[in-house]
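Read through the structure below, which is laid out as structure tokens, and then see the notes.
Predicted, not measured: the structure shown is a model, and the values here were computed from it. Note on naming: letters A, B, ... go to the chains in the order of the sequence lines (proteins, then strands), and numbering restarts at 1 for each one.
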There are 2 protein chains.
Amino acid sequence: MNVTDPEHKRADPMGEAGGGRAAWAYEMLHDAIREGTIAPGQRLMEMEVSAWLKMSRTPVREAMRRLQAEGMLEHAAGGGMSVVLYDLRAIDEFYAMRESLEGTAAALAARNADETEIRILAATLDAMRALPRDARAHARENQVFHEQIYRAARNRFLLKSLQSLLNFVPLLGPTTYNAPGRIEDALAEHVEIVDAIRARDPARAEDAIRRHIRHSHESRILVVSDTVRNAVRDRAQGLRGAPPKRLGQP
Amino acid sequence: MNVTDPEHKRADPMGEAGGGRAAWAYEMLHDAIREGTIAPGQRLMEMEVSAWLKMSRTPVREAMRRLQAEGMLEHAAGGGMSVVLYDLRAIDEFYAMRESLEGTAAALAARNADETEIRILAATLDAMRALPRDARAHARENQVFHEQIYRAARNRFLLKSLQSLLNFVPLLGPTTYNAPGRIEDALAEHVEIVDAIRARDPARAEDAIRRHIRHSHESRILVVSDTVRNAVRDRAQGLRGAPPKRLGQP
DNA sequence: ACGCATAATCGTGTATACAATAATGTGCAA
DNA sequence: TTGCACATTATTGTATACACGATTATGCGT
């Protein structure tokens with residue numbers, strides 16, 4: 001490994017702000033998947049998407065390949081790509097993984113975070129307290145909170161893994177903040193985590209965040225149970241599920 | 001000894017059963033990075049690579065974007081991509097991450113592996129025992145061994161994270177098997193790990209593999225120290241390091 | 001000789017045309 | 001009706017041309 005390369009400058013992390021049509025297409029598709037406009041299992045064709053976004057296939061292709069590399073799209077059977085559709089078992093796998101990674105992150109953050117980062121973390125807590133009782137808003141703020149911890153851990157590989165892991169959240173179903181009482185519980189747990197980090201206690205931080213993730217897991221199961229039950233009931237009534245959504249009109 | 005001439009590997013793009021030129025280009029670039037033919041920090045231009053592989057820019061682009069998504073390439077300063085060049089601190093980060101992930105994998109494997117997987121794992125041990133005392137050969141077999149564990153853990157997200165993490169190994173320097181006595185030590189540690197998995201003891205398996213990774217970390221530091229010392233010595237003698245390698249002629 | 005404006009150059013981003021391939025339908029025979 | 005061969009078509013894969021932006025070279029004025 002070359003340590004002393006004077007010419008090496010850190011490349012600016014690919015500007016997301018209008019960095020070109022390909023980046024924009026990536027954003028649009030990513031959002032559409034996150035919002036559920038494009039459902040898991042749905043097939044996407046390059047021409048269809050390029051017509052939707054009014055651009056040529058080239059940047060669309062690039063965006064789709066990137067999404068594929070990140071695991072949100074996969075080669076579909078009859079050609080083309082489809083949004084990955086996970087079985088229920090994936091939920092356990094996801095949370096097991098998340099518990100491990102977040103636990104590591106919290107422990108490292110307790111060691112490596114500087115004072116500023118800790119104060120930002122605390123400020124995020126205040127912001128969440130001030131938030132209205134809206135599931136979606138809390139989900140967003142929650143992600144900010146967790147990403148703060150990832151960064152405070154100061155481990156680039158861990159950061160990457162966690163960020164790519166979180167891409168799968170929207171593919172697992174609706175927000176867990178829809179579970180009753182989840183907002184209040186989560187906030188209390190967040191406080192515990194920040195306390196442990198502020199106290200520079202890695203073991204306690206890891207333990208707190210692991211409990212947090214396990215609770216989140218339980219909430220997820222509740223939410224998914226509802227979804228599944230509803231789906232079964234609807235099918236029993238002859239409703240074959242929502243008709244395939246068209247890309248133009250959300 | 002191992003001459004890494006890309007032209008020798010696969011004669012022509014069409015001859016192989018490769019899924020297309022883009023996939024082939026990806027393989028070639030990936031290999032070149034792994035083998036060190038393309039050094040960390042080196043800049044790559046699309047046209048240069050497309051000339052090297054005798055294809056148009058389109059599939060080359062695709063391959064490079066994929067490598068970028070996987071973290072092996074990054075946007076270079078003056079346009080183009082460059083192989084990521086890590087500072088020495090990355091080594092600690094890498095092994096911290098690896099210890100966490102492999103620990104989780106081993107624990108899960110102890111729970112979830114079926115009998116066949118365990119027997120394959122044991123067979124891999126035998127294969128390693130039969131191997132000649134060649135660092136590169138052991139490194140390869142070692143990777144097979146570890147991937148067996150990842151798979152036995154039965155967690156798709158964990159598997160992905162670990163696989164992408166391992167992509168960075170070649171960017172950290174030469175094989176740790178070059179450290180003295182590493183081959184024998186590693187084998188003994190592998191045996192411990194398999195024993196714990198066979199005994200269905202997750203805690204012991206995790207502990208064993210964590211120790212294994214920590215030892216590997218120490219070996220890595222020894223090897224990198226050598227590399228750095230040599231680099232400094234060479235520079236002191238006015239040798240500005242190896243001249244930039246040309247893609248066609250190794 | 002120096003500084004600034006401007007042109008030339010290099011390399012990527014995007015569009016479009018064309019080729020190859022995999023799915024599907026169709027016709028014919030058993 | 002079933003099965004297979006073949007044509008058709010839908011969709012992706014690749015090449016090429018052009019446009020745009022950034023960086024570097026050039027030349028003129030001072």
Side-chain angles (χ1 to χ4, degrees), chain A residues 6-30 38 41-70 72-84 244 246-247, chain B residues 10-30 38 41-69 72-84 244 246-248:
Chain A
E7 291 187 349
H8 180 241
K9 304 168 209 154
R10 286 229 76 68
D12 216 49
M14 185 144 115
E16 301 288 347
R21 294 194 218 276
W24 185 69
Y26 172 81
E27 295 282 331
M28 293 298 283
L29 284 170
H30 197 282
I38 308 177
Q42 182 168 343
R43 261 178 56 191
L44 284 181
M45 286 165 305
E46 293 174 2
M47 291 191 305
E48 178 189 4
V49 177
S50 67
W52 173 43
L53 298 176
K54 303 215 178 68
M55 57 175 72
S56 82
R57 275 175 52 215
T58 312
V60 169
R61 234 180 124 69
E62 210 155 278
M64 288 175 72
R65 300 312 274 260
R66 184 167 160 203
L67 285 164
Q68 181 189 21
E70 289 173 0
M72 309 181 65
L73 293 182
E74 62 185 357
H75 261 82
M81 313 269 246
S82 66
V83 181
V84 285
R246 309 268 296 188
L247 281 179
Chain B
R10 299 166 181 88
D12 68 324
M14 310 304 289
E16 286 294 322
R21 300 207 216 293
W24 185 71
Y26 173 81
E27 296 280 330
M28 293 299 282
L29 283 171
H30 196 281
I38 307 179
Q42 180 168 347
R43 258 177 66 188
L44 283 181
M45 286 164 304
E46 293 174 359
M47 292 193 303
E48 177 189 6
V49 176
S50 66
W52 173 42
L53 299 176
K54 305 221 178 67
M55 57 176 73
S56 82
R57 275 175 50 214
T58 313
V60 169
R61 238 179 121 68
E62 210 153 280
M64 288 175 73
R65 299 313 274 259
R66 186 168 158 202
L67 286 164
Q68 180 190 21
M72 308 181 66
L73 292 182
E74 64 184 358
H75 262 82
M81 313 270 245
S82 66
V83 182
V84 286
R246 305 258 312 221
L247 281 179

Problem - Main-chain N/O of A:Leu67 paired with A:Glu70 side-chain donor or acceptor, under 3.5 Å - result: no
Handout entry: Non-hydrogen side-chain atoms of B:Leu29 and B:Trp52 separated by less than 4.5 Å
Key = yes
Practice task
Report yes if the side chains of B:Arg66 and A:Arg65 come closer than 4.5 Å at any heavy-atom pair, otherwise no.
Solution key: no
Problem - Min side-chain heavy-atom separation A:Val83-A:Met72 under 4.5 Å - result: no
Practice task
Under the side-chain hydrogen bond (donor to acceptor under 3.5 Å, both in side chains) rule, collect the residues that match up with B:Arg61, sequence neighbours excluded.
Solution key: A:Glu62, B:Glu46
Problem - Rounded distance (Å) that lies between atom C1' of C:dG11 and atom CD of B:Glu48 - result: 12 Å
Practice task
Go through the side-chain N and O atoms of A:His75 and A:Gln68 and say whether any donor and acceptor fall under 3.5 Å apart.
Solution key: yes
Exercise for the section: With the side chain counted from C-beta on, respond yes when B:Met64 and B:Tyr26 share a heavy-atom pair under 4.5 Å apart, and no when they do not. Expected result: no
Are any protein N/O atoms closer than 3.5 Å to N/O atoms in nucleotides 13-17 of chain D? If there are, list each pair with its distance.
{"unit_1": "D:dG13", "atom_1": "OP2", "unit_2": "A:Arg61", "atom_2": "NH1", "d": "3.0"}
{"unit_1": "D:dG13", "atom_1": "OP2", "unit_2": "A:Arg61", "atom_2": "NH2", "d": "3.0"}
{"unit_1": "D:dG13", "atom_1": "OP2", "unit_2": "A:Arg65", "atom_2": "NH1", "d": "3.4"}
{"unit_1": "D:dG13", "atom_1": "N7", "unit_2": "A:Arg57", "atom_2": "NH2", "d": "2.9"}
{"unit_1": "D:dG13", "atom_1": "O6", "unit_2": "A:Arg57", "atom_2": "NH1", "d": "3.1"}
{"unit_1": "D:dT14", "atom_1": "OP1", "unit_2": "B:Arg21", "atom_2": "N", "d": "2.4"}
{"unit_1": "D:dT14", "atom_1": "O3'", "unit_2": "B:Arg21", "atom_2": "NE", "d": "3.3"}
{"unit_1": "D:dA15", "atom_1": "OP1", "unit_2": "B:Arg21", "atom_2": "NE", "d": "3.0"}
{"unit_1": "D:dA15", "atom_1": "OP2", "unit_2": "B:Ser56", "atom_2": "N", "d": "2.9"}
{"unit_1": "D:dA15", "atom_1": "OP2", "unit_2": "B:Ser56", "atom_2": "OG", "d": "2.8"}
{"unit_1": "D:dA15", "atom_1": "O5'", "unit_2": "B:Ser56", "atom_2": "OG", "d": "3.4"}
{"unit_1": "D:dA15", "atom_1": "N7", "unit_2": "B:Thr58", "atom_2": "OG1", "d": "2.8"}

Show the distances under 3.5 angstrom between N or O atoms of the protein and N or O atoms of nucleotides 21-24 of chain D.
none

Exercise for the section: Answer yes or no: is there a side-chain heavy-atom contact under 4.5 Å between A:Gln42 and A:Ser82? Expected result: no
Practice task
Could you state the atom-to-atom distance from CE of A:Met47 to C1' of C:dA17 in whole Å?
Solution key: 14 Å
